[in-house]
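Note on naming: letters A, B, ... go to the chains in the order of the sequence lines (proteins, then strands), and numbering restarts at 1 for each one.
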Amino acid sequence: MLDRLGTSLKDALKKLAGKTVVDRAAVEELVKDLQRALIQADVNVKLVMQLSQAIKTRSLEEQPPKGMTVREHVLRIVYQELVNLVGSAGEVKLEPQVILMAGLQGSGKTTTTAKLARYFQRKGMRVGVICADTFRPGAFEQLHTLCSRIHVSCFGDPKEKDALRIVREGLPAMSGNEVVIIDTQGRHALEAELIQEIIDIQKIASAKHRWLVIDAALGQQAADQARRFHEAITIDGVIITKMDGTAKGGGALSAVAETKAGIVFIGSGETSDDLERFEPDGFISRLLGMGDLKALVERAEETMAGQEVDVNAMLRGKFSLRDMYQQLEAVNRMGPLKQIMSMLPLGNMEIPQDAYDVTSTKMQRYRIIMDSMTSTELDDPSVMGSSRIHRIAIGAGASPEEVRELLRYYKMMKKALKGVRGGQGKFNMQRMMKKFGGM
Amino acid sequence: MFEGLRARLQKIQGTLEENIAKTASPADTAPQDPAVSGTGPEERDPSLLSRVRVLITDREFFISEKDVEEPLFELEMILLENDVALPVTEEIIQRVRADLTGRRRKIGESVEGIVVSALRGAILGVLGQGFDLLTYVRDHEKPVKILFTGVNGTGKTTTVAKVASYLKKNGCTVVIGAGDTFRAGALEQIDVHAGRLGIKVIQHQAGADPSAVLFDTVQYAEAHRIDAVLADTAGRFHNRANLMNQLEKIRRVMKPDLIVYVDEAVAGNDAVVRAHEFEKTVGADAVVLTKADMDQKGGAAISIAHTIGKPVMFLGVGQGYDDIIPFAPTRVVDELLGVSA
Ligand SMILES: Nc1nc2c(ncn2[C@@H]2O[C@H](COP(=O)(O)OP(=O)(O)OP(=O)(O)O)[C@@H](O)[C@H]2O)c(=O)[nH]1
Ligand SMILES: Nc1nc2c(ncn2[C@@H]2O[C@H](COP(=O)(O)OP(=O)(O)OP(=O)(O)O)[C@@H](O)[C@H]2O)c(=O)[nH]1
Ligand SMILES: [Mg+2]
Ligand SMILES: [Mg+2]
């Protein structure tokens with residue numbers, strides 16, 4: 001049933017193939033199929049309606065960029081709007097911090113608490129957890145068992161009834177750790193006393209992060225629930241659990257919309273190792289039941305890479321990381337840089353030997369690192385300070401040194417391009433870029 | 001539960017009635033027209049002559065697709081926003097449309113009556129019958145063996161405790177089998193519940209074979225002439241073949257009389273997918289929907305019942321032992337539509 005959905009979306013996309021003008025009927029059909037897919041994935045119905053309106057308007061009003069077919073144009077808009085809806089991954093820093101877990105009954109807080117402990121532990125940090133669930137039978141034993149399996153200390157008292165007291169006593173007891181995670185009992189928006197309890201817990205703990213744990217199967221109820229939690233303790237990260245089932249996790253997007261917080265992690269199994277950093281593209285593919293949307297869009301963008309890279313701006317010295325990213329993408333498809341360079345009439349352009357020495361694996365690494373950068377950083381690399389470098393490194397699973405190396409490479413390229421400015425190279429550069437795009 | 005849905009359904013009822021009344025009103029003013037009173041409840045005649053006749057004489061008496069199109073779209077949005085899964089929503093809409101459009105409104109028949117019966121019929125049609133556990137236990141050979149299944153965290157263990165308490169209060173003897181030997185803290189959890197309720201629980205150590213535990217529980221019940229065996233199981237996803245096989249083995253070994261599938265009322269579209277898979281692999285005789293207190297929507301009840309065609313037995317409405325209510329479909333639907341029964 002669900003696979004059929006992906007197919008019908010693909011069929012609708014096929015109808016746009018070969019068209020030279022944007023066909024209203026075909027766009028409408030596509031939007032309708034998209035709506036079905038998203039609603040089936042539990043995305044909030046109102047969000048779906050807003051999204052489809054935006055897609056419709058943009059598809060019909062925006063001119064397809066030169067070199068892009070109608071189908072690619074629409075596809076790209078769909079993709080961009082979805083990326084917008086899903087948001088980027090929430091930040092996770094490897095620094096001393098207290099994390100407060102919150103969520104509905106049975107959403108997976110306790111399991112995820114242990115998973116997070118494992119995550120930070122693997123990154124070399126000292127971790128302790130506090131069991132502030134004094135309500136659910138066996139809650140302490142559950143958390144304690146999970147923690148002892150990974151040798152993480154767990155504070156709690158199955159006989160104590162007062163969660164606030166546990167937190168008050170647990171924080172100093174756990175102060176020898178860099179990361180402290182507080183597990184709480186399940187609660188929902190309509191339970192006023194329990195909502196008050198978590199407000200009070202946060203007053204005591206002043207947790208740096210308040211993460212909302214959401215079951216991937218949660219339906220339209222997600223928006224109301226997330227709103228209430230956000231009002232109570234200002235949620236700054238969302239975790240989607242049980243993504244190893246067949247649910248699509250669309251409900252969590254309501255939480256993203258309500259809290260403006262990013263999704264930080266995905267839970268994908270019952271053991272403490274089943275935790276993944278959130279990855280928007282994979283998530284979108286799953287939402288739509290369509291594996292290759294990003295690839296399709298990339299292919300479309302590649303065909304017009306020549307147009308997209310603003311050669312003239314680059315020659316004016318405005319060569320940003322974004323331009324370099326596109327260049328690397330183009331190069332990536334064409335083989336070793338040196339080989340390409342040697343094919344081109346580069347005139348007096350002096351490219352240092354080092355630039356050639358970038359292997360394709362390196363380039364792949366560079367692209368991954370750049371994927372973790374914000375638009376500001378891509379457009380204006382001069383903002384890059386050590387804390388940004390640190391963040392990017394974590395996001396990309398790289399070392400800060402690798403990020404710095406990338407920045408050095410970028411500066412080198414930029415300098416090399418500046419050298420071309422004014423000379424006969426200009427013409428050649430344009431040719432080169434065209435070639436990159438066309439191949 | 002269902003409060004949000006109720007308010008909005010009653011509003012849509014109003015819109016539908018208005019639209020239908022509007023088209024029908026000119027005819028209302030001329031009920032003495034002999035041609036009108038002459039048209040019986042016969043089907044639409046395809047012949048041109050009769051179509052023309054209908055057009056001329058009592059066109060207004062047909063409820064056309066156009067009259068209901070807009071309110072039906074609104075109804076569709078309402079159902080979707082209330083977590084009724086998409087395919088189920090489409091079926092309800094289809095039924096209401098078929099029931100309303102092309103239909104000849106009989107003289108004297110109230111618009112409200114038409115609309116209410118169309119909606120009521122459509123929703124009842126997908127909700128199905130309820131399931132009265134007490135009657136079942138009373139009439140059945142003892143011990144009645146009940147196996148609880150479902151995906152992770154839906155409320156199986158809590159439901160086992162609630163049902164145990166419910167049966168005990170109604171004069172039945174109960175034993176619980178601690179069939180979740182896998183999840184950390186599961187044994188302690190069921191132990192505390194059973195202890196509080198004063199109910200015997202049979203358990204082996206962590207990691208033991210759940211089939212063996214539940215087999216022992218059944219033996220215990222037989223030896224002690226206990227009315228009902230409630231078998232808890234570990235949560236598992238329907239796409240994990242080995243875990244589903246394990247459940248299948250449990251079923252073979254303990255031979256349950258009833259398999260109760262537990263899911264939560266706040267689940268969205270996946271509720272349909274997994275209910276279907278559980279039904280297919282180990283079967284299900286009845287459904288319990290938990291966490292109905294979280295939510296005033298409750299569309300999952302409609303979706304699941306419809307998908308697997310099995311009755312909803314209880315709604316879980318909180319974490320206390322008494323937070324469980326037997327599910328009666330007609331009452332729910334009448335409440336939804338604001339019909340006084
Ligand atoms: N398959 C799978 N199961 C999960 C995942 N996360 C949690 N679970 C299971 O879901 C069930 C509930 O998880 P818990 O961690 O107990 O949930 P909780 O939010 O702490 O529950 P309460 O404290 O009762 O509110 C358990 O059976 C977990 O093993 C996941 O990512 N995948
Ligand atoms: N609000 C509310 N919470 C419920 C209800 N039923 C169960 N819960 C809570 O949901 C959480 C999970 O319940 P469990 O009974 O442990 O769920 P389970 O299906 O046995 O979980 P696993 O064995 O881990 O798969 C607990 O915190 C329960 O107290 C209900 O009807 N309403
Ligand atoms: Mg817990
Ligand atoms: Mg359980």
request  = I would like to know whether E90(B) and R36(A) meet side chain to side chain contact (heavy atoms under 4.5 Å, CB included); could you show each step before the answer?
outcome  = CA-CA 11 Å; E90(B) 284 174 347; R36(A) 289 179 58 93; 2.4 Å; yes
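- For chain B, the option among L146(A), T110(A), L143(A), L218(A) with the highest count of heavy-atom pairs below 4.5 Å is L218(A).
- Using a 4.5 Å cut-off between heavy atoms, E264(B) contacts chain A through its side chain alone, with no backbone atom that close.
- In this structure, G138(A) and E188(B) approach most closely via the heavy-atom pair CA-CB, 4.1 Å.
- With a 4.5 angstrom heavy-atom cutoff, E270(A) touches chain B only via side-chain atoms.
- Taken from CG in N44(A) to CG in L80(B), the straight-line distance is 11.0 Å, to the nearest 0.5 Å.
- Looking at every heavy atom in both residues, R149(A) comes nearest to A184(B) through NH2-CB, 4.2 Å.
- Comparing G106(A), A223(A), G250(A), A114(A) by how many heavy-atom pairs each has under 4.5 Å with chain B, the most go to G106(A).
- Rounded to the nearest 0.5 angstrom, K291(B) NZ and S107(A) OG are separated by 7.5 Å.
- Taking every heavy atom of both residues into account, G268(B) and D42(A) meet most closely at CA-OD1, 3.3 Å.
- For the options L104(A), T145(A), V45(A), T241(A), heavy-atom pairs under 4.5 Å to chain B are most numerous at V45(A).
- Nearest heavy atoms, Q40(A) versus P87(B): NE2-CD, 4.0 Å.
- Using a 4.5 Å cut-off between heavy atoms, N152(B) contacts chain A through both its backbone and its side chain.
- For a residue to count as touching a neighbouring chain, one of its non-hydrogen atoms must lie under 4.5 Å from one of that chain's; by this rule D215(A) touches chain B with the side chain only.
- Contact of the M294(B) side chain with the Q225(A) side chain is registered, since non-hydrogen atoms from C-beta on lie closer than 4.5 Å.
- The CG atom of D293(B) lies 6.0 Å from the CD atom of E191(A); values are rounded to the nearest 0.5 Å.
- Residue K159(A) places its NZ atom among 12 or fewer non-hydrogen atoms of other residues, nucleotides or ligands, all under 6.0 Å distant.
- For A189(A), no part lies near chain B; criterion is any non-hydrogen pair under 4.5 Å.
- From T246(A), atom OG1 reaches atom CG of N269(B) across 10.5 Å, with rounding to the nearest 0.5 Å.
- In this structure, CG on D270(B) lies 8.0 Å from NZ on K248(A), to the nearest 0.5 angstrom.
- From T154(B), atom OG1 reaches atom NZ of K242(A) across 7.5 Å, with rounding to the nearest 0.5 Å.
- Proximity to chain B is absent for every atom of R187(A), based on heavy atoms less than 4.5 angstrom apart.
- Between chain A and the options H238(B), R274(B), R196(B), the largest number of non-hydrogen pairs under 4.5 Å is found for H238(B).
- Heavy-atom pairs under 4.5 Å with chain B were tallied for G108(A), A247(A), P137(A); the largest tally goes to P137(A).
- Remark: R227(A) CZ is packed, more than 12 non-hydrogen atoms of other residues, nucleotides or ligands lying under 6.0 Å away.
- Heavy atoms only, all atoms of each residue included: Q319(B) and G186(A) are closest at NE2-O, 4.2 Å.
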